[in-house]
Amino acid sequence: MTHVPHDAPGLHARHQAVLPSWLALYYDRPLEITHGEGRHVWDAEGNRYLDFFGGILTTMTAHALPEVTKAVAEQAGRILHTSTLYLSRPMVELAERIATLSGIPDARVFFTTSGTEATDTALLLATCYRRSNQILAMRNSYHGRSFSAVGVTGNHSWSPTSLSPLQTLYVHGGIRTRGPYAHLNDRDYITACVADLEDVLDQTAGGVAALIAEPVQGVGGFTAPPDGLYAAFREVLARHGILWISDEVQTGWGRTGDHFWGWQAHADNGPPDLLTFAKGIGNGMSLGGVVARAEVMNSLPANSISTFGGSPITMAAGLANLTYLLEHDLQGNARRVGGLLIERLRGVAAGLDVVREVRGRGLMIGVELVRPGTGDRSPEAASLVLEAARERGLLVGKGGQGGATLRIAPPMTLTVAEAEEGAELLAQALEEAQGRLVGS
């Protein structure tokens, strides 16, 4: 490997001089990633890492996947940009495929440049269709960083203002193993959450526009309700005419293994009215969007376009990436290899007091950390594990309440050997963190 000259301390200082203070960086010595291949990336010092976070669940298939890079290069050689004011063959082709895969009848697709913008669009559609600015959201949720997305985010760590164009009402259900209903079995848990939803609606004046919910809460630490919760919610919503928006920005495209979409774990009453997506579909390109049934999508009473949403180059990437994912059954790989990885991590956790819970499904795994001997969440432990894992050549993320949960979401082409290697490296990092916490 050719050694790449670096100036990490200098680059960090330049970053701090021109970028916002709230633009957080991982690690005591921030990492500059220069290139990647498959499930590995390299930094500016030439160090190689097994990537278990994929640029926040965005490098869905693999780094430098030849099929995607070829499609991007070929499209770039033809034309980079046209806008939605002109017909676009790749946009129509990708929309056709996503509409069919969504499960939503008579579906329409609108492309955006990010998950945040997809949230904005879904909220705009729902509030216009229902003529109401009241939104139901889940506690501990995260839906993006824009003004409207922050207004439906139920995680205070990611919600910098209480101001909002929306009236948001937060309901129980997103966190299964903490909170007032944690002691209940799954059936009683769902019953209690439905009762809470009913109570919230009884206290509400006027018609609520929609419920927005992540089937698995991403930034919230990969927490999830029991299967069937949103189906039970749907029965209540339907009686009131309230729309259901499923935020599939992190759970879509088969990452959870068991299902292609996260909503399918709650599918007793059919698909959601709207579905948002982003991240993985572009494999690193800025690609997001909304799927909705036609009467909802077409309800805007004014003109609207997107300058960059649906650009030819991102559509080419999305088509190539989706084709690769389907032809190579990456959903099945996420189920098989992810299941193995979860079991390995649960085996590791069984002997460590610093780990409270290993949760998740497929290649979407959360490891909640606590101060040994207590049940108190430990952001310090998460930071220690991040650093220790990096030193061993493994990159993971973190999130959850207080930032005390490790987030593990490798590219969906992860091999069994790489899963075993990553589990061993993480075990070493966890043991080191526990030793340091106990010693202190």
Side-chain angles (χ1 to χ4, degrees), residues 20 22-24 55-58 109-130 132-171 173-175 208-224 230 242-252 261-263 272-282 286-292 296-297 299-300 304 306-310 314 397 399-401 403 407:
W22 42 260
L23 197 62
I56 319 178
L57 292 84
T58 300
V109 182
F110 178 77
F111 290 107
T112 68
T113 61
S114 69
T116 290
E117 191 187 346
T119 295
D120 279 341
T121 304
L123 293 171
L124 176 65
L125 290 169
T127 54
C128 285
Y129 181 79
R130 289 280 291 156
S132 168
N133 74 333
Q134 293 181 323
I135 298 292
L136 295 167
M138 306 303 295
R139 299 179 186 186
N140 194 50
S141 58
Y142 176 82
H143 298 286
R145 52 146 208 89
S146 68
F147 191 48
S148 67
V150 164
V152 294
T153 287
N155 184 326
H156 68 84
S157 296
W158 295 90
S159 185
T161 177
S162 61
L163 300 175
S164 174
L166 305 165
Q167 181 184 359
T168 305
L169 308 163
Y170 293 99
V171 295
I175 305 177
V208 172
L211 164 74
I212 185 168
E214 306 155 273
V216 179
Q217 294 184 328
V219 171
F222 294 168
T223 63
Y230 293 118
I242 299 169
L243 302 176
W244 173 25
I245 305 168
S246 184
D247 182 337
E248 301 278 353
V249 169
Q250 298 192 34
T251 50
W261 302 107
W263 68 259
D273 300 290
L274 301 94
L275 174 158
T276 62
F277 62 86
K279 289 192 182 289
I281 182 61
S286 299
L287 200 174
V290 179
V291 189
V296 177
M297 182 67 81
S299 66
L300 291 188
S304 193
S306 180
T307 302
F308 292 109
T314 60
Q401 293 185 331
R407 297 171 68 201

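Because the structure is predicted, anything quoted here is derived from the model rather than measured. Every heavy atom of this structure was used, including side-chain atoms; hydrogens, water molecules and symmetry mates were not.
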Using a 3.5 Å distance criterion without hydrogens, assess whether the side chain of T113 forms a donor-acceptor pair with backbone atoms of G309.
no

For a 4.5 angstrom cut-off between non-hydrogen side-chain atoms, does L274 reach M297?
no

T223 side chain near Q401 side chain, heavy-atom distance below 4.5 Å
no

When every non-hydrogen atom of S132 is compared with those of A209, the smallest separation belongs to O-CB, 3.6 Å

Quick one: does Q217's side chain have a donor or acceptor within less than 3.5 Å of a partner on I175's backbone?
no

Which value, rounded to the nearest 0.5 Å, describes the distance between S306 atom OG and F110 atom CZ?
4.5 Å

Which distance, rounded to the nearest 0.5 Å, do you find between the CZ of R139 and the OH of Y170?
10.5 Å

Taking every non-hydrogen atom, the tightest pair across Y230 and P215:
CE1-CA, 4.2 Å

Give, for atom CD of Q134 and atom CG of L169, the distance between the pair rounded to the nearest 0.5 Å.
6.0 Å

Main chain of L166, side chain of S164: is a donor-acceptor contact present, judged purely on distance under 3.5 Å?
yes

Between atom OG1 of T276 and atom CG of L125, what is the distance when rounded to the nearest 0.5 Å?
11.5 Å

Under 6.0 Å from the CD1 atom of I56, do we count more than 12 heavy atoms belonging to anything else shown?
no

Do the non-hydrogen side-chain atoms of T314 and F308 ever get within less than 4.5 Å of each other?
no

E214 and S141 have their tightest heavy-atom pair at OE1-CA, 3.4 Å

If you compare all heavy atoms of W158 against all heavy atoms of P160, which two are closest, and at what distance to 0.1 Å?
O-CD, 3.6 Å

Within-4.5 Å side-chain heavy-atom neighbours: V109 and F277:
yes

H143 and its side-chain hydrogen bond (donor to acceptor under 3.5 Å, both in side chains) partner, picked from T153, T116, D247:
D247

Under 3.5 Å, is there a donor-acceptor pair between the side chain of R407 and the main chain of F222?
no

Let's go through V171 and M138 carefully: what are the C-alpha distance in whole Å and the side-chain angles of both, what is the deciding distance for side-chain contact (heavy atoms from CB on, under 4.5 Å) to 0.1 Å, and is it a yes or a no?
CA-CA 5 Å; V171 295; M138 306 303 295; 3.6 Å; yes

Which heavy atom of V290 sits nearest a heavy atom of A122, and at what distance?
CG2-N, 4.0 Å

NZ of K279 to OG of S286, rounded to nearest 0.5 Å, is 11.0 Å

So CG of L275 and CG of D273: to nearest 0.5 Å the spacing works out to 11.0 Å

Minimum-distance pair of heavy atoms, taken over all atoms of N155 and V219:
ND2-O, 4.4 Å

Has the side chain of S299 got a donor or acceptor atom that lies under 3.5 Å from a matching backbone atom of C128?
no

